[in-house]
Amino acid sequence: MTTTEKKLLLIDGSSIAFRAFFALYTQIDRFVAPSGLHTNAIFAFHTMLGNVLEAVQPTHVLVAFDAGKTTFRTEMYAEYKGGRAKTPDEFREQMPFIKEMLEAQGIRHYELVNYEADDIIGTLATQAEKSGFDKITVVSGDRDLTQLTTEKTTVEITIKGVAELETYTPAYLYEKLGLTTEQFIDLKALMGDKSDNIPGVTKVGEKTGIKLLLEHGSLDGIYDHVDDMKTSKLKENLINDREQAFLSRELATIDLDSPIEISLADTLYAGSDYDKLKAFYKEMGFHKFLENLEGATEKVVEAIEFKIVAENLSDDMFHDDQFFYLEILGEDYHRDNIIGFTWGDEKQIYVSKNVALLSDVRFPKNTFDFKKNKVLLARQGINYPVVDFDSMLAKYLYSTIENNKISTIADLFGFELPDDELIYGKGAKRAVPEDAILFDHLARKLDVLVKTKTPLLDKLRENDQEDLLDRIELPLADVLAKMEITGIKVSGGVLSEIGLENEQVLKGLTEEIYELAGEPFNINSPKQLGVILFEKMGLPVIKKTKTGYSTAVDVLEQLAPQAPIVDKILKYRQISKIQSTYVTGLLGEIMSDGKIHTRYVQDLTQTGRLSSVQPNLQNIPVRLPEGRKIRKAFLPENEDSVLLSSDYSQIELRVLAHISGDEHLISAFNEGADIHTSTAMRVFGIDKPEDVTANDRRNAKAVNFGVVYGISDFGLSNNLGISRKAAKTYIDTYFERYPDIKKYMEDIVRSAKDTGFVETLYHRRRNLPDINARNFSVRSFAERTAINSPIQGSAADILKVAMINLDRALIAGQYKSKMLLQVHDEIVLDVPNDELAVMQTLVKKTMEEAISLSVPLLVDENNGKTWYDAK
DNA sequence: TGAGTCACG
DNA sequence: ACGTACGTGACTCAA
């Protein structure tokens, strides 16, 4: 190969992008950038481009795009390319980024008003042939471009997605169709093209077209001899559609002399721009490409400067504007030990692993995960006062889709930070590295925190979320830290007692089940259970899962009347659940102080709720008496105090009443009516509350739940065990009687489709990248989410506000009462007996006044010597 | 590690 | 026709 060889690569960008989109369409949900943008077309386009560049090794490259709907062809024939389905939004939004990608790769792209990509390509290919290029390669998803093939020009057409290409040369075209390239255009004139809406000649398809062309040489040849043809329907059609045939030829012919303002010299390919491409890959979340890029260039990682502090802190090492961050190896900050810490700003970064120094730290006002840091310091006996900024929480508010690790924040804003796994290892291999590596990693983390504060704040400002961070999440982190540090006393003795009883019951049930089954098997294995029930015993299969028979509760409940074993299994499952998760599980979480210290995860849920882990104290049994007994183990701090449990009544429906403004729902709440009874009256047309039966109320309650979740007839019918049709009638009547609820749902979905997100009363945001998805079920899910998230999220916000206000009131009044738990709409406090009366008033009032809505908030309270008794 | 199941709001 | 209620976490089994 000589270096002087000139090779031009011309790509039909519009057609390749479209093919690329559908090539990975089934996996569209896997290709989502951090911003929520779909990237399937960008990704597939990138792959195709890489393959072609590798194969062709071009000296010059251009990607041509169609400029718009109207072209000189639509002037000739208004219906040209008419009747095409609207391009999907998920596709259109990717186009600008494909162009951005080309720019980063150092590839020119071009479009020309009134012309299609084909014409640009045809014109440049012709120019290149004349000006001494050695080889020209055209790539498209559109077979029409094969008309451009010559001795020097080959045309590559994508087949099946964009990974494989079919190479058209004049010889190949002849071999395949028996036609020359000129005849190929004439063939299209005769056949027409459904996708471009080119009419052609009636009833002439590929076979007839080829036959005619082989016989007469060309379209002109055909029409020169049309009068000599023997009478036939074909002859008649040819004559009738003569004008149309020639018009079709004109439409199908690529313009080889279009007025392009770009020259061959402009298409010189210099290779990609490393920094731009890197930034682009990050923006798209293309981690593999990023690694390859960085690996390929063997980029030297820039050194980072920091000062190691072994002992003696001085005041001049600290000021408020710095960040401060403590490192542990795992997630469990109640048990894991500090392995190092770092603080500093853009001028100076400090690192240390001398934990003894922490008592002399003058804490800066910025951190990452305040709550974790506060708990870790509290374990050293150090108080960490609330800060001004927490990068973890800021990132969570900005976007809930990804996790909120420092490395994720680095990625998001184009900075480098190795993942913790790379430095510390994972699983059994996780360990503290040697000092040099640890310190370097800590310094890099701090550096990222310093550099990303401003961009994070900018994002929050853009989204009007500064108050949400400053007035809710940050102060809440402090409240939660205190709750976690306090912990809740749990009696191991009570749990063990329940455990012993359960053991006996399980033992008995196991024997009975083996007896009824005729053999022993693992009752905990859905697979083995399925074999026993559905194969050995021949019970009817009601539902299947991906892997086999479903043995879920609703299925077993339906089977119960048919075989006595089923009830035993249900009972076994119930007790076994209590035993493993709540007896054994909780016993293992009681720490040496006799308490359980859960972790509230503040940066996880898509709606703004908290979650609780290690252990989860937000799902302690309550509905069934056997499980509810577990709550007898949850105790107040000492003999002289009680647990006070306060929960919002119907907070989600009240929020819905407020944001929808529905007058009927609002007045029901204002009148203090039982909301499900009230719904039953309106929907079922019952005049007096006393005429509402228990069943009516139950049905109305299910409808109310459904409304909050983004109702569907299927979901409701499933829940109520009624027909889909009956469920639909319920829903229709409901919407008729509560028109503003219907309107809220329509409005919020429409707004989500426009903006791509929904938000709560306090501007907490949830991005909904799937809201305009093509796939019905993917889209429907996003629509229900759009309805539910502002409701669930606003309710979560309100309880957070209440907790913050209550914390302040407790401090202001110097009370000894302490918040212990939060369960989504409930707060549990430890209250000394002598404060009970005042707390009953204070907690209720604080929760009810957390926010002023167009309906009152109502709080129910209970107290007792255990959590079981406080209900 | 993913699927199935089930505990909570 | 499509195939579902919204949000979580822990445990067990079976690869």
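Order of the sequence lines fixes the chain letters, A, B, ..., with proteins taken first and strands second; residue numbering starts at 1 for each chain. Remember, predicted model here, so these are calculated numbers, not experimental data. We use all heavy atoms of the structure for the numbers below, so side chains are in, but hydrogens, waters and symmetry mates are not.
Rounding to whole angstrom units, CD of residue A:Gln792 and P of B:dC8 are separated by 17 Å. Going from atom NZ of A:Lys546 over to atom P of B:dG4 covers 6 Å, rounded to whole Å. The distance between atom CD of A:Glu652 and atom P of B:dC8, rounded to the nearest whole Å, is 17 Å.
Counting non-hydrogen atoms under 4.0 angstrom, A:Asn524 reaches the backbone sugars and phosphates but no base. Among the atoms of the strands shown, none is found under 4.0 Å from any heavy atom of A:Ala786. Among the protein residues, A:Gly706 comes within range of the nucleic acid bases, having at least one heavy atom under 4.0 Å from a base atom. Counting non-hydrogen atoms under 4.0 angstrom, A:Asn718 reaches nothing in the nucleic acid.
With a 4.5 Å cut-off on side-chain heavy atoms, A:Leu799 and A:Tyr648 count as touching. Using a 4.5 Å heavy-atom threshold, the side chains of A:Lys800 and A:Leu610 count as touching. Side-chain contact between A:Gln606 and A:Ser789 is absent, with no heavy atoms from C-beta onward closer than 4.5 Å. Annotation: side chain of A:Leu643 is not in contact with side chain of A:Leu821 (no heavy-atom distance under 4.5 Å). Between A:Tyr549 and A:Glu535, some side-chain heavy-atom pair lies under the 4.5 Å cut-off.
Under the Watson-Crick or G-U wobble criterion, with both distances below 3.5 Å, C:dA1 is left unpaired in every strand shown.
Taking a cutoff of 4.0 Å between a charged side-chain nitrogen and a carboxylate oxygen, A:Glu473 and A:Arg764 qualify as a salt bridge. Between A:Glu497 and A:Lys629, none of the side-chain N atoms (NZ, or NE/NH1/NH2) sits under 4.0 Å from a carboxylate O, so this pair counts as no salt bridge.
Counted by atom type alone, A:Arg784 and A:Ser712 present zero donor-acceptor pairs between their side chains at under 3.5 Å. With no hydrogens or angles considered, no side-chain donor-acceptor pair links A:Thr408 and A:Glu402 at under 3.5 Å. For A:Asn522 and A:Ser525, the side-chain atoms include no donor-acceptor pair closer than 3.5 Å. With hydrogens and angles left out, the side-chain atoms of A:Thr729 and A:Asp732 include no donor and acceptor closer than 3.5 Å.
Near-neighbour residues of DNA chain B inside residues 575-585 of chain A, defined by a heavy atom below 4.0 Å, number-ordered: A:Lys577, A:Tyr582. Taking every heavy atom of residues 597-635 of chain A and every atom of DNA chain B, pairs under 4.0 Å involve A:Arg609, A:Gln618, A:Asn619, A:Ile620, A:Pro621, A:Val622, A:Arg623, by number. Heavy-atom distances under 4.0 Å link DNA chain B to no residue of residues 554-570 of chain A.
Phosphate proximity of B:dA3 to A:Thr547: absent, as no side-chain N or O sits under 4.0 Å from OP1 or OP2.
Applying the side chain to side chain donor-acceptor pair (under 3.5 Å) criterion to A:Asn767, with sequence neighbours excluded, gives no partner residue.
Using P as the reference atom, B:dG4 and C:dA5 are 13 Å apart when rounded to the nearest Å. Comparing B:dT5 with C:dT4, their P atoms are spaced 15 Å from each other, to the whole Å.
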Quick one: do A:Met819 and A:Leu806 satisfy side chain to side chain contact (heavy atoms under 4.5 Å, CB included)? Show the steps, please. CA-CA 9 Å; A:Met819 268 183 269; A:Leu806 181 56; 4.1 Å; yes

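If you walk DNA chain C from 5' to 3' and mark each nucleotide with an atom closer than 4.0 Å to a heavy atom of chain A, the marks span C:dC2 to C:dA15.
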Distance-only check: which donor-acceptor pairs under 3.5 Å involve side-chain atoms of residues 702-710 of chain A, not counting sequence neighbours?
from: A:Asn704; atom 1: OD1; to: A:Thr679; atom 2: OG1; distance (Å): 3.3
from: A:Asn704; atom 1: ND2; to: A:His676; atom 2: ND1; distance (Å): 3.0
from: A:Asn704; atom 1: ND2; to: A:Thr679; atom 2: OG1; distance (Å): 3.0

